[in-house]
Amino acid sequence: NPAKSTIFAGNILRPDRQTAGIRPALSFRKQEPQKNASTTKIACLQFNPIQENTYVVWDDTLEAVVIDAGNSNPREDAALDNFIAEHGLKPVMAVNTHGHFDHVFGAQFVCDTYHLQPEMCADEVPTYLQATEQMRMFLHRDFPLTLPSIGNTFKDGDLITFGNHQLRVIETPGHTP
């Protein structure tokens with residue numbers, strides 16, 4: 001099955017996914033529109049056995065942020081890479097809403113391919129570093145999982161900047177620290 005993708009375009013970014021009342025540890029809200037603001041585009045690609053949502057967010061500059069890279073095998077790696085190439089995007093940041101295994105399967109691929117280390121809230125670092133153990137407990141089997149070192153960490157109120165846009169970090173603990 002090829003990865004499913006959905007593209008949204010607009011001036012509001014709200015990937016504050018709520019699934020069965022569970023919220024990620026990090027949500028994003030777009031800053032107030034600027035003069036001559038460009039359009040924000042969001043693609044959602046579903047990956048891995050959990051059907052995790054990976055987001056690619058970009059604007060007219062074609063700079064992009066990859067959020068929650070969950071791609072877990074060569075076919076899914078190719079789907080993410082092909083999507084980015086087909087849209088002419090230049091990934092400039094890899095961000096994780098939280099460190100659960102299904103959200104970090106693709107972290108090493110993104111690091112190797114685009115030279116981007118995953119960035120996340122500092123409170124998520126221990127969860128990220130335990131992803132292999134989480135996977136074993138949850139799935140009762142091993143999948144290959146290599147994690148790159150963490151890049152920058154951020155906190156509530158920090159800004160994630162790409163292209164002509166800034167996303168404000170809003171910590172929403174509960175599902176993870």
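Just so it is clear, the structure is predicted and the values come from calculations on it, not from any experiment. What's counted below: heavy atoms across the whole structure, side chains too, no hydrogens, waters or symmetry copies.
- Aromatic ring pairs are classed by plane angle as parallel below 30°, tilted from 30° to 60° and perpendicular above 60°; the pair W58 and H87 is tilted.
- Across all non-hydrogen atoms, the minimal contact from M93 to L116 is N-CD1, 3.5 Å.
- Nearest heavy-atom pair, D60 versus K41, reported as atom, atom and distance to 0.1 Å: OD1-NZ, 4.1 Å.
- Taking both residues in full, the closest heavy atoms of A69 and N96 are given as N-ND2, 4.5 Å, listed atom of the first, atom of the second, then distance.
- Counting only heavy atoms from C-beta outward, the side chains of T127 and H100 approach each other to under 4.5 Å.
- Put simply, the side chain of E124 never gets that close to the backbone of H98: no donor and acceptor are under 3.5 Å apart.
- Nearest heavy-atom pair across C111 and Q117 is SG-CG, 4.2 Å.
- Of all heavy-atom pairs spanning H165 and D59, the tightest one is ND1-OD2, 2.7 Å.
- Closest heavy-atom contact between N71 and T54: N-OG1, 4.4 Å.
- Of the N and O atoms on the side chains of T61 and N164, not one donor lies less than 3.5 Å from an acceptor on the other residue.
- Counting only distance, with no hydrogens or angles, the side chain of E63 and the backbone of V92 share no donor-acceptor pair below 3.5 Å.
- Qualifying ring-ring contact (aromatic ring centres under 6.0 Å, His included) partners for F101, counting only residues two or more places apart in sequence or in other chains: F105, F138.
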